[in-house]
S.K.: 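Sending over a structure as structure tokens; questions will come in a sec.
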Protein chains: 2
Amino acid sequence: MTEPSARPTRAQQRHRTEERILAAARQIFAELGYDRTTIRAVASAAGVDAGLVMHYFGSKDLLFARAVEVPADELPGGTSGEVAEALLTSLGRRLTSEPAASLAVLRSMLTNADAADRYRAAAEPQLNQITEAIPTPDADLRASLLSAIVHGVIAERYLLRLTHLADASPEQIIDLLRPCFQSLTTPPSK
Amino acid sequence: MTEPSARPTRAQQRHRTEERILAAARQIFAELGYDRTTIRAVASAAGVDAGLVMHYFGSKDLLFARAVEVPADELPGGTSGEVAEALLTSLGRRLTSEPAASLAVLRSMLTNADAADRYRAAAEPQLNQITEAIPTPDADLRASLLSAIVHGVIAERYLLRLTHLADASPEQIIDLLRPCFQSLTTPPSK
DNA sequence: GTCTATACATTGATAGAC
DNA sequence: GTCTATCAATGTATAGAC
């Protein structure tokens with residue numbers, strides 16, 4: 001037993017550089033997507049060597065996996081109307097400060113099978129929860145459409161930067177989408 | 001002047017192989033995206049050599065440009081209600097038989113600046129036409145949201161293959177989205 | 001016109017020095 | 001623990017033979 005209050009240079013130092021590498025990876029993956037991101041670029045941004053990154057994470061795939069792993073955000077269920085509003089607030093949160101990890105997945109989604117799987121895995125519990133709250137036979141399709149809308153808006157705002165979408169305030173976007181979400185979460189009035 | 005009815009092996013033969021290469025390129029770009037698509041794979045799929053592809057198109061970028069160039073589909077304008085319905089029919093058409101060129105652009109959009117520009121260029125006239133038909137100050141934002149929804153649905157159906165979205169019939173999707181589109185194209189009833 | 005051979009750069013990954 | 005040196009593979013692009 002060495003003194004417990006001493007600075008543990010070993011594991012602590014490693015953990016710090018590991019976090020630094022992960023932060024750099026998240027940012028670059030989000031900017032360039034999976035394919036265009038190189039180990040060298042990540043290492044350089046983190047101020048370390050490329051070999052060290054490999055030494056820590058084993059491969060580019062594993063680095064990507066570690067960089068984008070994120071606890072699925074909680075989405076409270078409830079009645080159909082409540083779910084619609086919860087989805088809107090969730091969207092609002094993601095429209096104000098979107099974590100780099102989600103953007104990395106979004107951008108890599110279409111070119112990396114791993115990213116696509118991650119996206120699906122993250123979306124599935126959300127989809128199920130939404131599905132349960134919608135009292136129609138086509139609830140699963142409605143939930144999928146809601147998911148598609150959310151991700152379409154985020155993608156075109158953050159990744160594609162369509163001007164009008166990028167400039168608008170989250171509140172404005174949410175207000176415009178509210179009728180959409182309500183119509184999708186409630187059965188036809190017929 | 002050689003006999004006009006003879007088979008012009010020169011230009012005609014070239015044109016045929018060029019078209020074969022372009023068809024192969026469209027398909028592979030749509031499947032793999034810009035980055036993962038290699039000249040070699042395109043050449044192989046077209047039954048020719050990689051050098052020939054370079055000889056014809058000059059570079060990978062130019063090949064991509066030629067492969068995905070497509071006349072912007074006409075979107076008739078009109079009143080806000082008519083535009084909503086026109087958008088839905090347009091979406092329905094793209095949900096039944098989507099040309100490979102559009103999918104190639106969609107998949108490459110997030111990783112290739114060229115593809116992103118092409119996407120914007122193709123979307124802009126549509127956006128303007130929609131904007132003009134909506135009689136509200138935030139018409140441009142509404143148009144952008146409509147665009148985001150359309151592309152979100154297409155991306156998750158064709159590229160990500162979310163099961164419920166991939167299995168649903170175009171009519172079912174359109175019917176569910178109709179209220180959304182109407183609420184976005186018409187001013188608040190207030 | 002079409003294909004072969006190859007130059008040149010870049011990348012992911014490995015082994016070993018400090 | 002961190003970095004240098006290097007390997008092997010891949011991909012774009014070029015030059016030239018047939």
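In this text, all values refer to a predicted model and were calculated from it rather than measured experimentally. Naming: A, B, ... by sequence-line order, numbering from 1 per chain.
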S.K.: Give every residue pair that meets the salt bridge (Lys or Arg N to Asp or Glu O under 4.0 Å) criterion with at least one member in residues 163-186 of chain A, sequence neighbours excluded.
M.R.: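 Salt bridge (Lys or Arg N to Asp or Glu O under 4.0 Å) check on residues 163-186 of chain A returns A/Glu85-A/Arg178, A/Asp175-A/Arg178.
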S.K.: Contact list please: residues 18-29 of chain A against DNA chain C, heavy atoms, distance less than 4.0 Å, in numerical order.
M.R.: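 Nucleic-acid contacts, sorted: none.
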S.K.: Going 5' to 3' through nucleotides 3-18 of chain C, assign each nucleotide B (protein heavy atom under 4.0 Å from a base atom), S (under 4.0 Å only from sugar-phosphate atoms) or - (no protein heavy atom that close).
M.R.: SB------BBBB----
S.K.: Which whole-number value in Å describes the distance from A/Gln12 CD to D/dG1 P?
M.R.: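 After rounding, the gap between these two atoms is 12 Å.
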S.K.: Look at the side chain of A/Tyr34 and the backbone N and O of A/Arg107, then say whether any donor-acceptor pair between them is shorter than 3.5 Å.
M.R.: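 It does not hold such a pair.
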S.K.: Evaluate A/Ser147 against A/Gln126 for side chain to side chain contact (heavy atoms under 4.5 Å, CB included), listing each step before the verdict.
M.R.: CA-CA 9 Å; A/Ser147 164; A/Gln126 259 204 1; 5.9 Å; no
S.K.: Indicate yes or no: at least one non-hydrogen side-chain atom of B/Phe57 is less than 4.5 angstrom from one of B/Leu22.
M.R.: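 B/Phe57 reaches B/Leu22 side chain to side chain.
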S.K.: Which one of A/Ile174, A/Leu165, A/Leu162 satisfies the side-chain contact (heavy atoms from CB on, under 4.5 Å) criterion with A/Val153?
M.R.: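 Running side-chain contact (heavy atoms from CB on, under 4.5 Å) over A/Ile174, A/Leu165, A/Leu162 with A/Val153 returns exactly one hit, A/Leu165.
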S.K.: Set out, in order, the CA-CA distance, both residues' side-chain angles and the distance that settles side chain to side chain contact (heavy atoms under 4.5 Å, CB included) for B/Leu63 and B/Ile21, then state yes or no.
M.R.: CA-CA 9 Å; B/Leu63 171 64; B/Ile21 292 173; 4.3 Å; yes
S.K.: Measure the spacing between CZ of B/Arg120 and CE of B/Met109 and express it to the nearest 0.5 Å.
M.R.: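 It is 10.0 Å, given to the nearest 0.5 Å.
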S.K.: Kindly indicate, with the supporting measurements, whether the criterion salt bridge (charged side-chain N to carboxylate O under 4.0 Å, His left out) is fulfilled by B/Arg161 and B/Glu156.
M.R.: CA-CA 6 Å; B/Arg161 305 196 174 282; B/Glu156 305 225 345; over 6 Å; no
